Each structure stands twice: as structure tokens, then as C-alpha cells.
Amino acid sequence: MDAPPPSPARPLTDYPRPSVAVDTAVFTVRGDELCVVLVDGRGGRRRLPGTFLHEGERLVDAVRRSLAAKAGIGGGEPRQLQVFDEPHRDDRGWVLSVAHAMALRAELLPAEAGVPIDRADPLDFDHGRILAIAVERIRTDYATMPDPWNLMPPAFTLRELLLLHTAVDPSTPQRDTFRRMMEPLLVETGEYTSGTVGKPSRLFRKPTADEVAARRRKHEDAVRTGARRTSRSRSDEVPADRLLTQSTRARSLDAWLPLDQLPTDARHTIRLDRGPAGVVARVLADEGSALWTFRALVTTYERAENRIGPDAQLQSISLHGPGGRELSIVRF
């Protein structure tokens with residue numbers, strides 16, 4: 001029996017299609033506050049600058065067009081956050097928004113542009129949710145890397161970097177902890193501040209891509225020859241299976257345990273997903289200790305060359321609060 005002929009393909013115009021918009025959270029730092037650029041919306045409410053995608057237009061081009069037309073902003077590198085696709089998010093019709101975020105130094109923005117984020121609400125549509133996710137993204141990035149969104153000038157002191165990070169995220173660690181986390185990721189310029197009261201401060205810069213690659217090659221060569229196992233202290237090293245001895249398991253605090261041996265009343269834990277080696281967790285006494293330990297681990301292991309040996313397949317580090325609720329996660 002002959003098979004029936006295939007049905008003719010339906011043209012795309014037969015399918016309902018939403019409008020596609022872009023909305024962008026543009027951050028800056030003014031004084032000691034993280035600010036976001038807002039424009040006028042409906043009914044006296046403000047909104048993030050955005051626009052509808054034109055036919056044949058790339059998303060990033062629509063972002064740049066909207067920022068220039070709505071907020072007088074040029075330059076910058078927009079990065080995608082996520083798609084907001086709630087069918088009724090816009091009362092004018094079915095509209096998907098591809099949200100973006102970027103950051104610019106205050107001197108590159110129009111005068112007085114930028115509202116402190118804690119005074120940004122209420123916003124039109126679901127822009128409050130977009131802003132919340134954008135704030136979480138920039139703060140997560142600043143927790144582990146020096147100025148990843150390029151808000152600093154080319155050369156800066158560690159104090160200036162600390163002030164910037166604290167403006168972005170008020171929970172940034174204090175001076176000594178911050179210095180230990182960030183200084184190994186920077187390059188000294190060999191120059192010092194001048195014209196200031198007191199002892200001149202060293203100036204730093206972020207490494208170039210070539211310098212990062214050279215550091216990685218040097219480390220890999222040292223590991224391959226046996227001259228070095230890790231570039232960081234072993235005190236925060238991801239535990240290998242051989243470290244999970246009975247004496248280690250007996251310590252309920254500040255020790256790594258298999259996930260099934262976590263105390264039922266553990267309130268703050270850090271979990272390491274080591275792939276085939278399994279998940280282990282560390283119980284912390286309080287939220288502050290858990291947060292700083294989480295950040296220290298992420299800072300140490302964000303670079304693949306620091307994940308060596310039995311735990312080379314480290315997949316994620318996550319922070320959990322009461323009831324096992326996931327508060328933050330970094331995937332590798």
C-alpha cells in the first residue's frame with residue numbers, strides 16, 4: 001500500500017508570533033552607590049531603556065539603538081541576561097523581552113544619569129524583576145574577580161578597587177580578606193600614586209588575555225614536572241576521596257562530608273559537585289562564615305588550572321541556607 005503523500009509545509013506566517021523587545025540595565029557607580037539608568041515610562045513610572053526588535057536586526061544592535069535614542073548612551077558591551085516570556089507581562093500584547101545588562105563609568109554617561117538601585121522601584125512592566133536579576137549577576141561577578149565589568153580606569157590602587165567592589169556589593173569582604181582574594185589576580189604596573197598625603201600606594205592593572213594564558217601555561221608546566229601541585233594554599237583545596245577518612249568525617253564543623261552524612265540540622269553549607277567523585281559538603285556555623293568561605297573557594301577554583309588530580313572534574317560550588325535552600329551557585 002502506497003504511503004500518503006507528505007503534507008505540504010505550512011508557511012511561517014500561519015503561526016502566531018510574539019513581538020520581541022530588548023530591555024537593558026545600564027549600571028554605573030556614583031559616589032559609593034551602585035546606580036542604574038532609568039527612563040520615563042507610563043503613568044509616572046520609570047522603566048529600563050528598551051525598544052522593539054526591527055526586522056533583520058541583531059539583538060545587540062537593537063540594544064545600542066535603544067540606549068542611544070532613549071538614554072543618550074553610546075559605547076559599552078551589552079551582555080544577555082535571559083528571556084522574559086510571561087505571556088501577559090505587557091498589557092499591550094504578547095511581547096518577549098531579551099534582557100541585557102552592561103556597565104559604564106559615570107563620566108561616560110549623561111550628567112546625573114543613574115538612580116541608586118535601592119530607590120529604583122516601582123518600575124513599569126516586569127522591569128523590577130529584570131533589574132533584580134541584573135543586580136544579582138553583577139554582584140556575583142564582582143564577588144570573585146577584580147572589576148569584571150570594567151568600571152575602573154586602566155590603573156588603580158587596591159583601595160580604589162575595594163571601594164568600587166563595596167559600592168557594587170556592600171557585602172564585599174573587608175580590606176585584608178579582599179586584598180588576599182584580588183591581588184593575585186592583578187598585575188603591578190611598577191608605578192605609585194603621587195600628590196597624595198601619606199605613603200604612595202602601588203598601582204595595579206588587570207592582566208591581558210595573553211598574560212592570563214601565559215600564567216596558565218606556566219602553571220601547567222610546573223604541575224606536569226611535579227614542581228607544583230596547586231597555585232593556592234591547600235587549606236581551601238577541594239578534598240580528594242583519600243581525604244574523606246574516618247577522622248575527617250568525625251568533625252561536624254569545618255570538615256568535608258559526603259552529602260548523605262550532613263547533619264539534619266545543618267543551616268549553612270557549601271556543596272562541591274565533583275562529578276564522578278560525588279558531592280561533598282562543608283557545614284559552617286553562621287551565614288557570614290559560609291558566604292566568605294564560598295567566595296574564597298570560588299576565587300580559588302574559577303581557573304581550571306587550580307582543579308587538579310582526583311577532583312579535576314569539579315562541576316560546581318554552591319552555597320545553601322536553612323532547609324537546604326540554594327542561595328548561590330557557580331558552575332565550571
Side-chain angles (χ1 to χ4, degrees), residues 25 27 29 34 36 79-84 99-103 117-118 120 128-149 151 161-162 164-174 177-178 180-182 184-185 232 235-239 253-259 262-275 277-304 306-307 311 313-332:
F27 293 114
V29 169
L34 180 66
V36 64
R79 56 190 77 189
Q80 282 191 29
L81 290 176
Q82 69 178 61
V83 176
F84 291 80
H100 290 69
M102 58 181 281
I117 58 171
D118 60 357
R129 183 170 173 235
I130 295 176
L131 177 58
I133 291 175
V135 169
E136 180 181 6
R137 171 72 66 84
I138 191 172
R139 285 179 169 171
T140 298
D141 289 351
Y142 271 78
T144 59
M145 291 293 292
D147 188 30
W149 290 43
L151 284 168
L161 185 66
L162 172 59
L164 172 71
H165 277 243
T166 304
V168 172
D169 184 358
S171 67
T172 296
Q174 296 298 312
T177 302
F178 181 82
R180 288 193 297 269
M181 292 172 60
M182 296 298 171
L185 306 177
R232 298 291 181 119
S235 61
D236 278 328
E237 190 163 336
V238 176
L253 290 179
D254 202 30
W256 295 103
L257 301 169
L259 199 57
L262 269 183
T264 56
D265 59 350
R267 292 181 58 82
H268 304 287
T269 62
I270 295 172
R271 300 183 187 183
L272 307 180
D273 183 348
R274 303 173 302 154
V279 178
V280 291
R282 182 176 181 179
V283 182
L284 280 300
D286 58 76
E287 184 177 3
S289 298
L291 179 61
W292 305 142
T293 305
F294 171 74
R295 286 178 165 174
L297 283 167
V298 170
T299 301
T300 299
Y301 290 99
E302 69 198 350
R303 294 183 292 178
N306 284 350
R307 304 195 294 277
D311 296 300
Q313 298 186 54
L314 179 66
Q315 295 183 359
S316 68
I317 302 177
S318 56
L319 175 63
H320 297 256
R325 183 168 62 92
E326 185 178 277
L327 302 177
S328 186
I329 186 169
V330 174
R331 293 183 173 87
F332 297 95

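None of the values given here were measured: they were computed from a predicted structure.
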Requested in this report: For residues Leu257 and Pro263, determine if any side-chain heavy atom of one lies less than 4.5 Å from a side-chain heavy atom of the other.
Outcome: yes

Query raised in the report: Leu284 versus Arg282: any side-chain heavy-atom pair under 4.5 Å?
Result: yes

Query - Ser316 OG to Arg274 CZ distance, which is reported to the nearest 0.5 Å - result: 11.5 Å

Query raised in the report: With a 4.5 Å limit on heavy-atom distance, are the side chains of Phe294 and Thr144 in contact?
Result: no

Report summary line: Shortest non-hydrogen pair, Asp273 vs Leu314, comes out as O-CD1, 3.5 Å

Query - Separation of Arg137 CZ from Thr140 OG1 (nearest 0.5 Å) - result: 8.5 Å

Report summary line: For Gly321 and His268 the tightest heavy-atom approach is CA-ND1, 4.3 Å

Report summary line: Here the pair of heavy atoms bringing Met181 nearest to Pro173 is SD-CG, 3.9 Å

Query raised in the report: Less than 4.5 Å apart, any side-chain heavy atom of Asp141 and any of Arg79?
Result: yes

Query raised in the report: Are side-chain heavy atoms of Phe27 and Ile117 found at a separation under 4.5 Å?
Result: yes

Requested in this report: Hey, could you give me the CD1/CE distance between Ile138 and Met102, rounded to the nearest 0.5 Å?
Outcome: 11.0 Å

Sequence neighbours excluded and cut-off under 3.5 Å, please list the side-chain donor-acceptor pairs for residues 165-172, or say none.
unit_1, atom_1, unit_2, atom_2, d
His165, ND1, Tyr142, O, 3.0
His165, NE2, Asp147, N, 3.0
Thr166, OG1, Leu162, O, 2.8
Asp169, OD1, Ser171, N, 3.0
Asp169, OD1, Ser171, OG, 2.7
Asp169, OD2, Ser171, OG, 3.2
Asp169, OD2, Arg295, NH2, 2.7
Ser171, OG, Arg295, NH2, 3.2
Thr172, OG1, His165, O, 3.0
Thr172, OG1, Asp169, O, 2.7

Query raised in the report: Does atom CD of Gln82 have more than 12 heavy-atom neighbours from other groups under 6.0 Å away?
Result: yes

**Report entry** Closest contact, heavy atoms only, Ala290 versus Ile270
**Finding:** O-CD1, 3.5 Å

Requested in this report: Tell me, yes or no, whether the heavy-atom count around Arg139 atom CZ, taken from other residues, nucleotides or ligands under 6.0 Å, exceeds 12.
Outcome: yes

**Report entry** Arg271 to Ala281 - nearest heavy-atom pair and separation
**Finding:** CG-CB, 3.9 Å

Query raised in the report: Restricting to pairs with a member in residues 322-332, which pass salt bridge (charged side-chain N to carboxylate O under 4.0 Å, His left out), not counting sequence neighbours?
Result: none

